[in-house]
Protein chains: 2
Amino acid sequence: MTKFRNTKQKAAVLAAVRRAHHHPDARWVYEEVRREIPGISLGTVYRALASLTAEGLIREYPQAEGPALYDANLDDHSHLRCRRCGRIVDVPTVELPPESLEAIRRVGGFARVDQVFLEFGGICDRCAQGETKPDGAADTAPAGHNIN
Amino acid sequence: MTKFRNTKQKAAVLAAVRRAHHHPDARWVYEEVRREIPGISLGTVYRALASLTAEGLIREYPQAEGPALYDANLDDHSHLRCRRCGRIVDVPTVELPPESLEAIRRVGGFARVDQVFLEFGGICDRCAQGETKPDGAADTAPAGHNIN
DNA sequence: CCCGTAATAGTAATCGTTACTAATAACGAC
DNA sequence: GTCGTTATTAGTAACGATTACTATTACGGG
């Protein structure tokens, strides 16, 4: 095990991530912690976030587009993202049938398949309210599988 | 609909993606096309890939880490990635039970949930061969859900 | 209280990608 | 075929997110 030290910068970063009521990125944490420690550097925030992730105190969600997000919620959960406003909410994880994973393992020619990365996309209630008839085209559409 | 023109650069990019027997990134396509059109610029490759994606001729898979990958396989499929060597193979999509999606929609407070982003992780056969007893620690471990 | 060394502030550098510019070439009209 | 418009190009600069570097500071075990 590597040696971790408890600095006030790291503590402030952890506190900021914990009090966030969303999934903050490094920049948000930086701005937040700066109110308490004005001289902190962005690099320190990045290092603290990486360290806290390594310590298992927070989770890191690198995104396909945009900066990585951080999450103080360590419980098993998936993310549901509104492709209109980008808002992300935590939702329970969906268990995949073991036989599906076995089929995937077999057809993929793998020794084992032991990770599932799952995310959901849709339109949140708020965005659905002020919605015009023709489904706008400026939506975020990451790689994945559309249904309906 | 926007107007698309057929240039030899774009055709060469499409051909390169189609003949790739893996999921190439922009750099690979660039090097590949350069053998045919030495003067092509990397920016043109990026623009061609974006254009072809918009035309629906290829698919783009932006990744959490590293460059976006491109795929000429338009069939519905998911990706299985070896966290040792990074190799990605296509596997059939797993259908999620509609009641799970409905539960997710409800608990998330969304108007609708119509996208699922799914990826699998594991160890491919090749990497499992030359494997040392203690499960090495230098593995790629993106955000997701571990099983077992 | 002291020392080894992890962590820091500040800054430069990296990587993938997009934006900009003037020049070129597709392609529909004639 | 010729023309004109305009999408596309080559080349390069700029961008955002992140990491690397360096000298300095400060944690925390002994």
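Order of the sequence lines fixes the chain letters, A, B, ..., with proteins taken first and strands second; residue numbering starts at 1 for each chain.
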Report task. Please list residues of residues 10-30 of chain A whose heavy atoms come under 4.0 Å from any atom in DNA chain C, ordered by number; otherwise none. Result -> A:Lys10
Requested in this report: Tell me whether the OP1 or OP2 atom of D:dA26 has a side-chain N or O from A:Arg5 closer than 4.0 Å.
Outcome: no
Query - B:Arg112 bridged to A:Asp125 by N-O distance under 4.0 Å - result: no
Query raised in the report: So, is B:Thr7 close to the C:dA25 phosphate, meaning a side-chain N or O under 4.0 Å from OP1 or OP2?
Result: no
Query raised in the report: Checking all strands, does B:Ala68 fall into the base, sugar-phosphate, or nothing category for heavy-atom contacts under 4.0 angstrom?
Result: sugar-phosphate
Report summary line: Rounded to the nearest 0.5 angstrom, the CD1-CG distance for A:Ile88 and A:Leu80 is 9.5 Å
Requested in this report: Check whether the side chains of A:Asp71 and A:His77 place a donor and an acceptor atom closer than 3.5 Å, and report yes or no.
Outcome: yes
Query - Integer-rounded Å distance: D:dG11 C1' and B:Arg47 CZ - result: 10 Å
Query raised in the report: Rounding to a whole Å, what distance do you find between A:Phe4:CZ and D:dA26:C1'?
Result: 18 Å
Requested in this report: Could you check how far CD of A:Gln63 sits from C1' of D:dA17, rounded to whole Å?
Outcome: 12 Å
Query raised in the report: Going by heavy atoms in the side chains, are B:Phe120 and B:Val94 under 4.5 Å from each other?
Result: yes
Query raised in the report: Mapping A:Ser51 and B:Lys8 to their closest nucleotides on DNA chain C, which lands nearer the 5' end?
Result: A:Ser51
Query raised in the report: Which of these, B:His79, B:Arg81, B:Glu119, sits in a side chain to side chain contact (heavy atoms under 4.5 Å, CB included) with B:Gln63?
Result: B:Arg81
Query - Atom pair distance, as rounded to whole Å: CG in B:Asn6 and C1' in C:dC27 - result: 10 Å
Query raised in the report: So, do B:Cys124 and B:Cys85 sit near enough that their side-chain heavy atoms are less than 4.5 Å apart?
Result: yes
**Report entry** Below 4.0 Å: OP1/OP2 of C:dA9 and any side-chain N or O of A:Gln9
**Finding:** yes
Query raised in the report: Taking atom CZ of A:Arg34 and atom OG of A:Ser41, what is their separation to the nearest 0.5 Å?
Result: 10.5 Å
**Report entry** Pair B:Arg19 + B:Glu32: basic N to acidic O under 4.0 Å
**Finding:** yes
Query raised in the report: Would you call A:Asp25 and A:Arg27 a salt bridge, taking side-chain N to carboxylate O under 4.0 Å as the test?
Result: no
Report task. May I ask you to list the residues of residues 35-46 of chain B, by number, that have any heavy atom positioned under 4.0 Å from an atom of DNA chain D? Result -> B:Gly39, B:Ile40, B:Ser41, B:Thr44
